[in-house]
Amino acid sequence: MAFINHAAKEINCKIVYYGPGLCGKTTNLQYIYTKTAEERKGKMISLATETDRTLYFDFLPIDIGTIHGFKVKFQLYTVPGQVFYNASRKLILKGADGVIFVADSQEERFEANIESLENLQENLIENNLSLDLIPYVLQLNKRDLPNVVPVEELIQELRYKGEPYFEAVAIQGLGVFETFKACAKQVLQTLR
Amino acid sequence: MALPDFVMYEEEYNKLKEVIERLKEESGSKIVFLVDKNGQQIAGAGELGNIDATSLASLTAGNVAATDGLAKLIGEKEFSLLFHEGERDNLHISIVGKRGILVVIFDNKATLGLVRLRVKKASQELEKIFDLIDEKAKKQVGDSENFESPFAEITEDDIDKLFGDI
Ligand SMILES: Nc1nc2c(ncn2[C@@H]2O[C@H](COP(=O)(O)OP(=O)(O)OP(=O)(O)O)[C@@H](O)[C@H]2O)c(=O)[nH]1
Ligand SMILES: [Mg+2]
């Protein structure tokens with residue numbers, strides 16, 4: 001649910017990064033944060049455990065520019081991927097305008113990806129949203145590791161509706177902006 | 001989509017702003033913020049320069065969402081307010097209608113009792129303005145021929161250009 005503010009001449013949209021624990025959601029936001037000019041970003045907030053696992057959410061406000069006199073702003077959120085934080089994940093999806101699913105390409109996380117994707121759809125439905133309708137992008141992360149599942153196989157299993165997908169190495173920033181832009185673009189298109 | 005976009009115009013914005021300015025004065029508080037439940041800031045009054053409003057809005061919304069979750073767990077509909085007492089400043093958070101959250105920051109120059117009283121009155125006024133905003137939005141959905149979204153004419157090119165320099 002975008003917030004179109006004619007008084008402030010601003011439009012605010014929310015994108016949520018989803019995916020299994022340790023797949024690299026927080027790393028995506030951190031990279032965007034470090035590579036974005038000071039005047040185009042706000043503070044990044046990470047509500048995390050002592051061991052840097054997301055406890056509630058990460059939050060990063062980004063200002064991407066001006067369209068027809070309106071400032072276009074995105075609020076990026078990550079969910080906590082660990083299974084037992086489901087109640088929090090559901091809350092964070094509320095009001096999302098777009099979702100990015102970050103998959104962990106490693107063989108041993110194959111099942112975790114599938115479960116997380118099912119969990120995403122369940123939680124969207126509980127928020128009166130759905131993968132079928134919401135702007136959506138798939139990221140295949142950790143392509144730098146030796147034990148990764150081939151891309152075709154991941155796509156076969158995880159691609160939900162022909163959404164754009166990107167191979168990524170989030171710790172090096174590869175594919176991070178491509179993924180974000182593809183989702184932001186879809187979100188802006190729905191406003192037309 | 002589930003909820004329509006939240007569209008706010010200058011006219012209603014000014015009304016909201018007026019109410020929270022008055023609330024700030026009458027309660028003797030330092031800062032009053034109105035944010036929406038999704039964490040977007042709607043309007044503010046007071047010494048806003050000293051505070052990161054964007055962070056405040058998102059953390060407040062998270063706080064309220066978590067508290068709502070707790071309420072449902074124990075079978076309550078919602079907890080209508082949250083109060084955090086600090087050494088110097090206090091934080092009073094309350095729900096306004098379906099989508100608003102009112103945040104009042106005050107120090108020992110104000111009292112909790114007075115803040116509560118004024119918040120209650122202001123909330124009723126704010127709720128009415130939110131209703132106006134909803135009505136206007138509904139009318140425009142029914143009247144879409146005469147209503148031009150500012151984004152109706154966005155082209156692929158506009159969008160690509162936006163990302164030119166990030
Ligand atoms: N090799 C490699 N490691 C990565 C990559 N992306 C992230 N990591 C590492 O994976 C670990 C987990 O990354 P996070 O970004 O914290 O994962 P998360 O998805 O936010 O995890 P939760 O908060 O628990 O849901 C960190 O040690 C990252 O450095 C990548 O592309 N390649
Ligand atoms: Mg994380």
Side-chain angles (χ1 to χ4, degrees), chain A residues 1-14 32 35-37 40-45 47 56-57 59-70 72-73 75 77 87-88 90-92 94-97 124 127-130 133-134 177 180-181 184-186 188-192, chain B residues 1-17 35-44 52-59 61-70 72-73 99 133 136-137 148-166:
Chain A
M1 190 195 68
F3 176 24
I4 302 170
N5 188 336
H6 289 258
K9 290 265 174 228
E10 261 181 31
I11 165 137
N12 264 289
C13 307
K14 172 174 176 177
I32 293 173
K35 289 295 170 189
T36 303
R40 286 186 174 262
K41 67 186 173 194
K43 231 167 100 185
M44 175 160 169
I45 296 175
L47 304 179
Y56 191 7
F57 58 77
F59 167 72
L60 175 61
I62 293 277
D63 187 342
I64 64 168
T66 307
I67 249 187
H68 294 201
F70 275 71
V72 181
K73 294 182 168 183
Q75 309 209 316
Y77 282 85
S88 305
K90 210 179 295 175
L91 295 177
I92 289 150
K94 201 176 142 215
D97 296 298
L124 282 171
N127 277 297
N128 295 320
L129 297 166
S130 156
L133 295 173
I134 200 161
F177 273 98
F180 165 52
K181 286 181 191 178
K185 211 166 150 173
Q186 281 184 47
L188 292 174
Q189 279 161 349
T190 63
L191 294 174
R192 290 198 285 199
Chain B
M1 235 27 27
L3 267 173
D5 293 336
F6 179 29
V7 182
M8 189 170 64
Y9 291 93
E10 195 103 31
E11 193 187 345
E12 285 76 25
Y13 171 78
N14 289 335
K15 286 185 183 153
L16 292 169
K17 177 103 179 153
V35 305
D36 98 328
K37 280 194 175 174
N38 288 332
Q40 321 274 15
Q41 29 173 337
I42 300 175
D52 178 346
T54 312
S55 298
L56 181 123
S58 118
L59 286 173
N63 196 343
V64 167
T67 310
D68 269 358
L70 285 172
K72 297 218 171 68
L73 269 186
R99 66 162 107 234
I133 293 174
K136 209 165 183 174
E148 183 79 359
S149 149
F151 303 98
E153 284 165 24
I154 298 185
T155 61
E156 285 289 303
D157 212 35
D158 288 333
I159 295 177
D160 286 334
K161 267 197 217 119
L162 254 191
F163 292 103
D165 43 26
I166 64 161

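Lettering follows sequence order; numbering is per chain, from 1.
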_Please give me the minimum heavy-atom distance between Ser58(B) and Ile45(A), naming the atom from each residue._
OG-CD1, 4.2 Å
*Which atom names give the shortest non-hydrogen contact between Ala65(B) and Leu91(A), and what distance separates them?*
O-CD1, 3.5 Å
*Heavy-atom distances under 4.5 Å only: say whether Gln75(A) touches chain B with side chain, backbone, both or neither.*
side chain
*For the candidates Glu10(A), Lys43(A), Lys185(A), Lys14(A), which exhibits the highest count of non-hydrogen atom pairs separated by less than 4.5 Å from chain B?*
Lys185(A)
*If every non-hydrogen atom of Glu10(B) is compared with every non-hydrogen atom of His6(A), which pair is closest and at what distance?*
OE1-O, 4.1 Å
*Evaluate the side-chain proximity of Phe3(A) to Ile42(B): yes if any heavy-atom separation is below 4.5 Å, no if none is.*
yes
*Any side-chain heavy atom of Asn12(A) sitting closer than 4.5 Å to one from Phe6(B)?*
no
*Among Asp68(B), Asp52(B), Leu59(B), who wins on heavy-atom pairs under 4.5 Å with chain A?*
Leu59(B)
*What part of Thr66(A) gets closer than 4.5 Å to chain B, counting heavy atoms only: side chain, backbone, both or neither?*
backbone
*If every non-hydrogen atom of Tyr56(A) is compared with every non-hydrogen atom of Gly62(B), which pair is closest and at what distance?*
OH-O, 2.6 Å
*Report the residues that fulfil salt bridge (charged side-chain N to carboxylate O under 4.0 Å, His left out) with Lys94(A), sequence neighbours left out, ordered by chain and then residue number.*
none
*So, do Gln40(B) and Lys73(A) sit near enough that their side-chain heavy atoms are less than 4.5 Å apart?*
no
*Relative to chain B, which segment of Ile11(A) carries a heavy atom at a distance below 4.5 Å: side chain, backbone, both, or neither?*
side chain
*With sequence neighbours left out, write down each residue that passes salt bridge (charged side-chain N to carboxylate O under 4.0 Å, His left out) with Lys9(A), or none if nothing qualifies.*
none
*asked:* Under 4.5 Å from any heavy atom of chain B, what part of Leu47(A) do you find: side chain, backbone, both or neither?
replied: side chain
